[in-house]
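To start, the structure itself, in structure tokens.
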Amino acid sequence: YLWSIFENKLVLGGKNELKEFIVSLKGASEDLFTIGTHSGSVYIYSIYGELIRSIKKNYFSKNFKRPDLQKSAAWLGKNIIFSGKLSGRIEIVDLRCHKSASFLSGHSSEVSNISISSCTESSPFLASSDALGNLKIWDIRGKEEIFFQKKFTSKITSLSFL
């Protein structure tokens, strides 16, 4: 279910057609959101329930035998998605050309949560956590890590900028 706290009402509800377990849900704007699944696919929906696009699991290069699943995603505007990968990388996908633009590398385990600051688009920051409980904050424009907190005492289950 999607609930609008501004309108104090249910925006979208019911069963979806996915046969996968939902592990993450992130909004892009007032009318789009992503669903990340346990199998590594990310789906983009309108708030009206229309499937806009699916990004199926990506695979490592030919040297690796297992898929580089994506279980978390965050939006920058309406055209850029940051996707957390099993490999510890964060893929930057430009939806306008339907291609991977680049990667942020630095986690040593699965990227489990991603959040982007909404304070300003000219200098946005990205927070990411991994399966080991590490937290990183990135300068998106410079594509560099600016903060690292090693292993919290418990697993990080959600991230958000206020």
Side-chain angles (χ1 to χ4, degrees), residues 1-61 64 66-107 110-131 136-141 143 156-162:
Y1 296 97
L2 290 179
W3 185 267
S4 170
I5 60 171
F6 300 111
E7 298 174 14
N8 198 24
K9 68 177 186 177
L10 184 68
V11 177
L12 176 68
K15 294 183 179 182
N16 63 44
E17 66 273 2
L18 298 178
K19 295 185 177 24
E20 303 165 90
F21 293 111
I22 295 172
V23 295
S24 70
L25 180 89
K26 296 280 181 161
S29 63
E30 63 279 350
D31 61 349
L32 293 176
F33 64 94
T34 59
I35 293 175
T37 67
H38 78 288
S39 70
S41 296
V42 173
Y43 298 92
I44 302 169
Y45 279 89
S46 76
I47 60 168
Y48 306 106
E50 176 188 3
L51 176 64
I52 305 297
R53 179 158 188 249
S54 62
I55 304 170
K56 298 295 184 178
K57 58 186 171 187
N58 294 336
Y59 291 89
F60 283 126
S61 65
F64 293 92
R66 62 183 186 156
D68 193 8
L69 301 178
Q70 52 201 10
K71 293 188 178 179
S72 58
W75 293 82
L76 179 62
K78 285 184 111 171
N79 297 313
I80 305 294
I81 289 182
F82 290 78
S83 175
K85 302 288 191 172
L86 186 65
S87 65
R89 298 187 311 168
I90 299 168
E91 182 179 20
I92 305 168
V93 178
D94 187 334
L95 296 175
R96 294 169 291 201
C97 60
H98 307 290
K99 293 189 177 182
S100 176
S102 65
F103 289 91
L104 299 174
S105 297
H107 285 283
E110 173 188 347
V111 177
S112 51
N113 293 290
I114 298 176
S115 182
I116 293 181
S117 67
S118 58
C119 36
T120 173
E121 273 203 36
S122 63
S123 182
F125 296 100
L126 179 134
S128 60
S129 66
D130 61 32
K136 293 182 182 252
I137 298 181
W138 306 83
D139 173 357
I140 295 173
R141 298 288 183 221
K143 294 182 183 162
I156 300 169
T157 57
S158 182
L159 286 174
S160 183
F161 282 93
L162 298 176

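Interatomic distance, OG of Ser115 versus CZ of Phe125, reported as 13.0 Å (0.5 Å rounding). Of the inter-residue distances, the one linking Tyr45 atom OH with Ile52 atom CD1 reads 10.0 Å to the nearest 0.5 angstrom. One finds the NE2 atom of His107 at 5.5 Å from the NZ atom of Lys136 (value rounded to the nearest 0.5 Å). The distance from atom CD1 of Ile116 to atom CZ of Phe82, rounded to the nearest 0.5 Å, is 4.5 Å. Between atom OG of residue Ser117 and atom CG of residue Asp139 there is a gap of 9.5 Å, rounded to the nearest 0.5 Å. Here Leu51 contributes atom CG and Ile44 contributes atom CD1; the two are 8.5 Å apart, rounded to the nearest 0.5 Å.
Inter-residue side-chain proximity for Lys143 and Ile92 is flagged as met; some heavy-atom pair is nearer than 4.5 Å. Looking at heavy atoms from C-beta onward, Glu91 lies out of side-chain contact with Ile81 at the 4.5 angstrom threshold.
In this structure, Trp138 and Ser128 approach most closely via the heavy-atom pair NE1-OG, 2.9 Å.
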Under the side chain to side chain contact (heavy atoms under 4.5 Å, CB included) rule, what do Lys85 and Val111 come out as? Steps first, then yes or no, please. CA-CA 6 Å; Lys85 302 288 191 172; Val111 177; 5.8 Å; no

